[in-house]
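Note on naming: letters A, B, ... go to the chains in the order of the sequence lines (proteins, then strands), and numbering restarts at 1 for each one.
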8 protein chains.
Amino acid sequence: KRQGFPEVIFGEGKSASQIIDISRAMMNKQENILITRVSEEKATAICEEIPSFEYDQISRTLVRRYQEKLEYQLDGYIAIVCAGTSDLSVAEEAAKTAEAFGVEVRRFYDVGVAGIHRLFAHIDEIRDATVSVVIAGMEGALPSVVGGLVSHPIIAVPTSIGYGANFQGLSALLTMLNSCASGISVVNIDNGFGGAYNAILIHRLANKRT
Amino acid sequence: KRQGFPEVIFGEGKSASQIIDISRAMMNKQENILITRVSEEKATAICEEIPSFEYDQISRTLVRRYQEKLEYQLDGYIAIVCAGTSDLSVAEEAAKTAEAFGVEVRRFYDVGVAGIHRLFAHIDEIRDATVSVVIAGMEGALPSVVGGLVSHPIIAVPTSIGYGANFQGLSALLTMLNSCASGISVVNIDNGFGGAYNAILIHRLANKRT
Amino acid sequence: KRQGFPEVIFGEGKSASQIIDISRAMMNKQENILITRVSEEKATAICEEIPSFEYDQISRTLVRRYQEKLEYQLDGYIAIVCAGTSDLSVAEEAAKTAEAFGVEVRRFYDVGVAGIHRLFAHIDEIRDATVSVVIAGMEGALPSVVGGLVSHPIIAVPTSIGYGANFQGLSALLTMLNSCASGISVVNIDNGFGGAYNAILIHRLANKRT
Amino acid sequence: KRQGFPEVIFGEGKSASQIIDISRAMMNKQENILITRVSEEKATAICEEIPSFEYDQISRTLVRRYQEKLEYQLDGYIAIVCAGTSDLSVAEEAAKTAEAFGVEVRRFYDVGVAGIHRLFAHIDEIRDATVSVVIAGMEGALPSVVGGLVSHPIIAVPTSIGYGANFQGLSALLTMLNSCASGISVVNIDNGFGGAYNAILIHRLANKRT
Amino acid sequence: KRQGFPEVIFGEGKSASQIIDISRAMMNKQENILITRVSEEKATAICEEIPSFEYDQISRTLVRRYQEKLEYQLDGYIAIVCAGTSDLSVAEEAAKTAEAFGVEVRRFYDVGVAGIHRLFAHIDEIRDATVSVVIAGMEGALPSVVGGLVSHPIIAVPTSIGYGANFQGLSALLTMLNSCASGISVVNIDNGFGGAYNAILIHRLANKRT
Amino acid sequence: KRQGFPEVIFGEGKSASQIIDISRAMMNKQENILITRVSEEKATAICEEIPSFEYDQISRTLVRRYQEKLEYQLDGYIAIVCAGTSDLSVAEEAAKTAEAFGVEVRRFYDVGVAGIHRLFAHIDEIRDATVSVVIAGMEGALPSVVGGLVSHPIIAVPTSIGYGANFQGLSALLTMLNSCASGISVVNIDNGFGGAYNAILIHRLANKRT
Amino acid sequence: KRQGFPEVIFGEGKSASQIIDISRAMMNKQENILITRVSEEKATAICEEIPSFEYDQISRTLVRRYQEKLEYQLDGYIAIVCAGTSDLSVAEEAAKTAEAFGVEVRRFYDVGVAGIHRLFAHIDEIRDATVSVVIAGMEGALPSVVGGLVSHPIIAVPTSIGYGANFQGLSALLTMLNSCASGISVVNIDNGFGGAYNAILIHRLANKRT
Amino acid sequence: KRQGFPEVIFGEGKSASQIIDISRAMMNKQENILITRVSEEKATAICEEIPSFEYDQISRTLVRRYQEKLEYQLDGYIAIVCAGTSDLSVAEEAAKTAEAFGVEVRRFYDVGVAGIHRLFAHIDEIRDATVSVVIAGMEGALPSVVGGLVSHPIIAVPTSIGYGANFQGLSALLTMLNSCASGISVVNIDNGFGGAYNAILIHRLANKRT
Ligand SMILES: Nc1ncnc2c1ncn2[C@@H]1O[C@H](COP(=O)(O)O)[C@@H](O)[C@H]1O
Ligand SMILES: Nc1ncnc2c1ncn2[C@@H]1O[C@H](COP(=O)(O)O)[C@@H](O)[C@H]1O
Ligand SMILES: Nc1ncnc2c1ncn2[C@@H]1O[C@H](COP(=O)(O)O)[C@@H](O)[C@H]1O
Ligand SMILES: Nc1ncnc2c1ncn2[C@@H]1O[C@H](COP(=O)(O)O)[C@@H](O)[C@H]1O
Ligand SMILES: [Mg+2]
Ligand SMILES: [Mg+2]
Ligand SMILES: [Mg+2]
Ligand SMILES: [Mg+2]
Ligand SMILES: [Mg+2]
Ligand SMILES: [Mg+2]
Ligand SMILES: [Mg+2]
Ligand SMILES: [Mg+2]
């Protein structure tokens, strides 16, 4: 773990009581704690024991903030871009992650390629971000289009949303790896956390000397 | 074969002399003849025997026109849309096919998703087509974007252009099958002929009653 | 959304209350509303709130008609062709979609390739359609056979019906993409809606000037 | 090796001189010799040494007959069925194999699913065979259609003919394994020899008691 | 349906009441009825309505015999060969199918390749069968070994038994398609019915002239 | 193209004369020109026409520098890390790209996971980079190990080096996408250019305010 | 079964009562009994009947020891190495297997590649083992790293732990098969038993002459 | 490199002159040198410079022995088992590797599963080996059969020999990973070197204390 970073726990495959134990051990470190991939039942069990955790249903994250109100000490923001309802869960995992790391995010959540004017309506605000996390399921074309319009790095996150020839996200993953726009790198299917984490590292670099 | 349609020969896997024999048998039918997937060597051998064939290197097609100058008897045109040099061969197979069938085509060949302003510069002329054949390799996102901007049917043709995780066109194929834009149907990888053929059938239907 | 088209909602991954909200917002537009991929439970919850919706179990669609009795204003019909009980759900999604768009469909639902005489018994009526939507699971050979017998465009819809080496519809999908009959284009596995939507666009084109 | 069967050599991956050595060792057994998958160059080298071998370019087989003129001692024949030029090589490997085993074959080589009337023109003669070997590339639908029309066993042979989403014969292979017609079993892609061999075993069984 | 054959219903994807209706329609034909892939619940519901059906849990088949005691009118028997408990369900689907068709089967159910002496203990009785149906999961090597020891045709049935790199039966399927023993043809994963059906056709041919 | 960036041409699939034409058109822009994926023959033909291009055999790049000696105006450097001889070509494509963009690189080319002490010998100098491009073929484990040792962003580039179950780089690609180390994002197989391009964007961000 | 080895039952796909029957038949052989892949419910049912079985939840194994306290008669130990909580179940299946065979194991369970210093802390004790079983999910890089540091044979066990592009363990499996470290061989995904069994055979060989 | 082991060079992807340089640097170490995957042309070029290398065409290895005649100091031998001509190249890579390491091998090269009596003729001599390297292409069933007959560890090497559904060795690889015989672990497709290397490590362990 790096200095000044929250503690992060990967919740999948861990029982509520395992998570409670790990969290308790971390609580004296006086850092934010972020737990990802937590089901609603587990969250309920954990929050009963440690009420300072806040659960978010959509992103399935648990966050405990060490300071009551988190101040953004860095300049600028990360853009989180996706097409809409179906990819929301992954997009919010990314957003909550960035916020737990004390980084400002701006959400652009209704800008899919099939209705490209909605993307254009927001493109200037996206361009002004340090870095974008672009999330897409089904054909996964959004990062290519955004990549052609902005000049900062893009972290592309394929999602498993879709059916049939989507093959649980393989389609979107291949699309993003083959993008003909430059400046796009890719993380694992549904890995909203990883998308944000890479963006955070870049965002910090961009702020290092201010 | 349907009435008023050219004769079509699939050139791949046939020897020059086999193609010459089949062509000769067809020549008394007084229809255009289109041969697809003909290598340059084969074409040279065939044209020596039957000089009325015209070879096109890019599309790798041989065409013999029964009437010296072909008149377009149908209203409107088919739009053939792609991103550039690498997909040209497939796009031209589609274009030559449509022209051999006596159908007007308009070419939009520099409009990839990574430089979307070039697409917008031509979108009105694309919209006015009866139907579009949209060709794309690598991530294959172009049909989704065009599909969101026009309201006529789109025949999407994935190409095998790309490398690595492209897997010989699988990436573009999956992208197109998973498109979140409606009104898109797909043919086989690199099947420029098939893309055009479907468009021609639709174009004829649209002209039926005039 | 295009003029004179119903509103369409993709029901999968949306909760009953999300669907109710979206539907209510649409109801003042005085258009038909079509919702696809709605489970029986969700449908019950939605119909309690908005009783003007009609649920169909087989196609898993909800339809609300703005005009009590829908008149077909277009000439001709779309043929919907499949082999039988197992593909019925996808075939009916296609049929209900076309009907919600005010397009007449004729159903040919017992005409698989293993009993080809049943197809021949109906082939003239299929031929007279403007366009066919041909649906098949398992080996997915039906579009190839129909394609060889009719001269209008065919939209092929692979289904996930089968087991073992079917790989959730991959077998039927590949069959259709590789068809040696011309005039066949393909949509995603189980995408009855998409199959119909492409057919509707073509059907409208064929009617444009009447 | 079974009694009364020719000696068979799989030519692929063996040098001309290895094949010559093996053949010589077999020649005193006074049986037919069949060598499959022999390139033209290798064949020339072998025939120079052992002029009693006959090479067939299309099937790429070498055959040496022990008796000058081979008599068919069995009743009936095997039907070898395929769609045309592109699958000829595999079909002829099957035919030459059966003939080397002293079994009569009848060839039905222009009966693809896209022009099904040609199949119907020959269906009675196909029905009268003991067993059919049905060969198909691209979408591989032919065995399903034949299987619905005849009541004897069918050995289906997928070929690697095709391109794009054909994936070197995978498409045809999956089609055949998923056939909804009963009485079809499948051998490896391009395995004309294996298709014939299974048919020969069945054909012999059917003749056992005469 | 062929003369003298039972009626067969594919039970998967059909409701109990659908199966009851189809069965009733068939019952006046005075033939055996075989229904495959019937879950225990469905079977209970069906047997309550039509008590003359007999359900077998392992093979998941329902059989109704028209004649109280079925006589075997054909000479010889089909060998059904597998390695043990895990493939039992598929093996019994094959066995019950053959018996419903009035064909004698002999079961060799404990003869996997990892304990090959058990196969040798029975090899003579297997050799004396007209045809073998060889069923195997995991690595699927059994048909290759049996194929090297017997000289009649083998129908190989891969099963989905296994885990990890088995990929739901893909491993066994590929093994069987690539067998270096001749005289093996393959049906779909878990298709015990299809394995038996092909064997029955061959068995009937072998008996045709007696 | 972004301000102050070299012109980039993707050389694959373009003829020497096409590349010459494009280059000439770019030469009056007074920017560096980088051409990737140029075979030795093409390079010779191009350099004959435009002698100011410098060809590098290992990276297969052509570079033309506008200023005779390129000055590094940015602080810091990019680390390019790989295991050795076999991945050199991709690593050097990345290195030459960065240098054409005026960015300093440091090469760490003998640090594979099977001899991890060599990585440790250089780890401090790697840590001091702004960002690392980590290239690996075969099992592709290097980015995971480096990722656990440094705290800056890592762009992982899988290569197609290997054989058998490597499946042309699929193995390394999947390894990198599944890395359990955070801060790793991935580009296409063999995409040394893309790996460097993403690193350059990040490196520029890190320098923005100096 | 080899002399002096425990009886082993593969519990998956067998009912509790089947397992009880098999176990009873084995109990008079006076050997340890090991049952793998037993769910908690089945275990409860079995232990009620045969209380001498001990169930372990994590490894999902049932073990019955013939001698109350098992003595290790062999020199040395097997190292079982993995990265942590998620692979624990497979690692413990390996450990329990070895112990049931009377072989000493040492567990190194927190040594993943993303925190390589933890591996170094234990490397001497790992090196002193006769053989290592190295278990890893996700990217599966651990065996490569360990393989570069020790000189005894390594049995690598990929696990299905991960998501997205992990494809149920395919990623880790391919990584291990492509390892650039020598001395690594691989067993099936999640096959902790098989990993241990191979290690036991090697361990016995190393002890043969003492 | 471990003490007392030959120097090993992976020849693929290295030029003749690169190999000459590496070899020269190694020659003063007074150890055997083994170079794998060397084409005939490269070998000729290398042997001209360093005549003490001996090239073997079948295994494509170059070996230079430091001691004129190599003495086997270890007890026992490794069995190298395969089915015949097509897998010879991989089998001999394994054999030459073991011999370069000073380990005795015994070759059993005509024992495929389709003619299992040939395996039985040699089984006692195979059983007496310390460890077996079992090599197989096509369906890859040989290790399962051998594994059921011997009680020492087996290293299984799949080869890419085959066609069609073999998918370049994938079929044999999956077969071996899914083997129902215990005591089998697997290396990469065509990795004869790796198969032998694992066997050598085991063989040394078995000899450690003599
Ligand atoms: N490039 C192509 N790709 C796919 N199908 C083609 C192509 N060119 C021609 N065809 C089809 O091949 C048929 C002729 O096949 P053949 O009789 O083998 O020459 C035509 O009627 C077309 O349907
Ligand atoms: N288990 C099975 N697997 C594959 N096909 C089957 C199976 N059982 C029955 N069938 C086939 O399904 C046909 C009946 O299908 P249906 O008309 O849908 O009931 C039969 O004639 C058989 O050809
Ligand atoms: N080796 C490479 N791999 C992938 N993309 C590249 C490569 N080299 C250049 N490019 C991209 O290709 C674009 C130029 O493509 P083009 O206009 O076809 O020459 C550049 O702007 C880069 O984004
Ligand atoms: N045929 C082979 N397949 C896989 N790995 C090999 C082969 N031959 C040699 N190696 C490995 O490659 C290493 C040498 O690699 P290099 O330093 O690139 O020559 C040796 O130590 C072996 O571990
Ligand atoms: Mg950009
Ligand atoms: Mg549209
Ligand atoms: Mg047609
Ligand atoms: Mg039939
Ligand atoms: Mg046999
Ligand atoms: Mg890191
Ligand atoms: Mg080692
Ligand atoms: Mg064994």
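For the options F/N166, F/L170, F/L177, F/L173, heavy-atom pairs under 4.5 Å to chain G are most numerous at F/N166. By number of non-hydrogen pairs under 4.5 angstrom with chain G, the leading residue of F/A172, F/G164, F/S171, F/G112 is F/S171. The choice from G/S144, G/G137, G/G140, G/A141 that makes the most heavy-atom pairs within less than 4.5 Å of chain F is G/S144.
The nearest pair of heavy atoms linking F/M138 to G/C180 is SD-CB, 3.9 Å.
Residues F/L174 and G/L174 have side chains in contact (heavy-atom distance under 4.5 Å, counting atoms from C-beta outward).
Open room surrounds CD on F/E54; 12 or fewer heavy atoms of other groups in view lie less than 6.0 Å from it. For F/E12, the CD atom is densely surrounded, since the number of other residues' heavy atoms within 6.0 Å is greater than 12.
Interface residue G/F167: only side-chain heavy atoms are found under 4.5 Å from chain F.
Here F/I161 contributes atom CD1 and G/N178 contributes atom CG; the two are 12.0 Å apart, rounded to the nearest 0.5 Å.
Heavy-atom neighbours of chain G within the stretch residues 114-134 of chain F, taken at a separation under 4.5 angstrom, comprise F/A114, F/I116, F/F120.
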